[in-house]
Structure formats: structure tokens, C-alpha cells
Amino acid sequence: MTPLQLLPPVKPSEAVAIADLVFKITRGRVWSNDLRGLLAKELPSLRGNGLQPYPHTLLPHPANPTSFFLVVAPWLLQIVPSSAPESTLFPSPMLLARARPAGEREILITAIELEANLPTILRHLYPELFARTAKQESLCSIPATDPAAIAFCQKLPKKYDLLPAFRSNEPSWNAYLPILAAPPPNGFVNILTGLTKVPSPEQAAPYTRFSYQVEDPQSIVPFYEALQETLHRDFDLELDLAANPNFDLNTLAIPVHSIEHATAHNQGITLAANKVKPATSGRRTHWKLASWR
């Protein structure tokens, strides 16, 4: 365990107050989403300068129900009895405070850096937040680096056939940061764009949708098959045909899930506003979204 630094990510007094509230709400109760709701009602009174607690992330440790995790961006707090064995998920957390809530047994409050540990945090604690394939829904997307990403998740119209999507041209897990803050009720789509070759399994891991920049139409099927061999899971394939706008997609013998018609002034995905090209027979062609704001 890493000792407390001179400038801790969360003040010890704030960490203890959060831990007190968590134990007050959870003690003796069967775990449920209702507990998260109770926490959400009480947390605003504890907000300190710069603290961003996400009540819906309150979760017991998968192997130790007396320990809890809570995202207080940009950190993951772990609240654990001091007698509990050290977690193997995060072997070197930063110690924030020791406390005895309501005078009971001693607990430790530690902090784990959120961004640096996103793959582990998601896989072991919040697997339900992973990106999904689009199926028949329409998509509305913004760049994963957009500073308004959290507001995008919160304010996108809640329609049964509309999914938010994040687009990245560099492999990264960072699109999951706004998803932890404001998870869309029906999931989201994470898109790796600008591909000219198949990404490695590590690069592809955060994504369920891939946008292939078609330079040679004859390369589409080999790319698709190579992606299948690499991933061994469901995915969506997007084709950026900006360099080959007249290519006949009906000649393809693969299930192209959507077609991305990129233009110089409007790249990105899909929905409402103006249709870019006539629909391709037998395949779903997306529409552009003017603005989600």
C-alpha cells in the first residue's frame, strides 16, 4: 500500500465522511440498487472542492462484501476493514485514512487512479458498462475527447432506437470515463476510426465498432475476415468510402452493418438532418446528425 502523499487526491476528512455514509447506508442490508439511490440523496451534502462522487458506482468487492468501491473522479475509492486481506485487483492503492465509523471496527480508505486502471476496473467491477454492438439502433456520436462527453450522455434524447457513440482515432479506454460518470440506460457504442489495417487484440479491446478507411475496395473482405480472426467476438464494421464513393456495396459478400459516407465538412456518424446518399439496397445507410446540443 502506498503511504499518504502530502497532497492526497481526496482530503482524509472527506474520505472518512464518505466512508461513514457508505457504512451507514449499507450496514445490515442486502445489496441492491436502492442503496445506491440512498447514497445519491445523501452525497450532495458531502461534496468538497473538486470532488465528483458517482453514487451509481457504489459496489461491494466481488470477493469481499464487507468492502466497497466508489468512483470519486478522478479516483476509485476502496473502503475496506483493516483486517481484510489486501486486494489482488489493485495491489498498491494509496492510503488516505484510517477510521472507525460509529466507533466500530477500523476501516481503511484507499484511492486507486481511475484512468490508469480503467481496463481492470471495468472488467472486474463494472462489466455491464462495456460498449455493445449497435444491432438495429441509430447512432449519434461525438469524439471521445470532447469535453462535453458527460453532458452528451446525460442529455441525448432517451429513445429506444438511439444509442450514443464515441469515436476515437487512437486506441484508448478513455471513452469509458464519461460512461462511468453518466451511463446511458441502453448502453453505448465505442468506435475506433480511420483504420487502414487490423488493430491488435489489445488495441481493439475497448471497441465494438470499427471504421475501415477503404483505399482499395478489394481489401474490404480480407480486412473483415482478418478482424474476425483477431477478435473472435461480435463487432460492427463501418466503411468509410470517401475515396471510393461510387463503389457498389451490393457486390460484397459480407454483412456490412452500416456505411459511413464521409465528407470534408461533416465526418462522423449518423442520424437525422440531411441524408448524404441514397440508401443502399438491402443495407442500412446512416443519416447525419446536425447537432446533439
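The figures here come from the full heavy-atom set of this structure, side chains too, leaving out hydrogens, waters and symmetry mates.
The distance from atom CD1 of I107 to atom CD1 of I109, rounded to the nearest 0.5 Å, is 4.5 Å. Taking CD from E170 and OG1 from T145, the interatomic distance works out to 11.0 Å, rounded to the nearest 0.5 Å. Here T26 contributes atom OG1 and L21 contributes atom CG; the two are 9.0 Å apart, rounded to the nearest 0.5 Å. Taking CD of Q213 as the start and CG of L239 as the end, the distance is 11.5 Å to the nearest 0.5 Å.
When side chains are defined from C-beta on, Y126 counts as touching V71, because their heavy atoms get closer than 4.5 Å. Side-chain contact between I179 and P184 is present, with heavy atoms from C-beta onward closer than 4.5 Å. Side-chain contact between L227 and F210 is present, with at least one heavy-atom pair separated by less than 4.5 Å. Looking at L114 and L180, their side chains come closer than 4.5 Å, going by heavy atoms from C-beta outward. Side-chain contact between F235 and Q228 is present, with at least one heavy-atom pair separated by less than 4.5 Å. Considering only heavy atoms from C-beta on, P12 stays 4.5 Å or farther from L96 through its side chain. Residues L125 and L76 form a side-chain contact, since some pair of their non-hydrogen atoms from C-beta on lies under 4.5 Å apart. L108 has its side chain out of reach of Q78: every pair of non-hydrogen atoms, C-beta onward, lies at least 4.5 Å apart.
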(request) Report the C-alpha distance between T208 and R233 in whole Å, list the side-chain angles of each, state the deciding distance to 0.1 Å, and finish with yes or no for side-chain contact (heavy atoms from CB on, under 4.5 Å). (result) CA-CA 9 Å; T208 51; R233 60 176 168 85; 4.3 Å; yes
(message) As a quick check of understanding, evaluate side-chain contact (heavy atoms from CB on, under 4.5 Å) for C153 and F166, giving each step before the final call.
(response) CA-CA 10 Å; C153 291; F166 293 103; 3.7 Å; yes
(request) Run the numbers on F152 and D146 for side-chain contact (heavy atoms from CB on, under 4.5 Å), then give the verdict. (result) CA-CA 9 Å; F152 171 72; D146 193 315; over 6 Å; no
(request) For the pair Q154 and I150, evaluate side-chain contact (heavy atoms from CB on, under 4.5 Å) and give the outcome as yes or no after the intermediate values. (result) CA-CA 6 Å; Q154 293 173 329; I150 293 176; 3.9 Å; yes
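Across every non-hydrogen atom of T230 and S200, the tightest pair is CG2-C, 4.3 Å. Closest heavy-atom contact between R132 and N186: NH1-O, 3.0 Å.
A donor-acceptor pair under 3.5 Å is formed between the side chain of R36 and the backbone N or O of H56. Listed for the T193 side chain is a donor-acceptor partner under 3.5 Å among the backbone atoms of S168.
When each of Y176, F188, Y207 is paired with F130, the ring pair (Phe, Tyr, Trp, His ring centres under 6.0 Å) condition holds for Y176 and for no other. The side-chain hydrogen bond (donor to acceptor under 3.5 Å, both in side chains) with S82 is formed by just one residue from the set R105, R98, E106; it is E106.
Counting non-hydrogen atoms of other residues, nucleotides and ligands closer than 6.0 Å to CG of D216 gives a total above 12.
Centroid-to-centroid, the aromatic rings of Y224 and Y212 stay 6.0 Å apart or farther.
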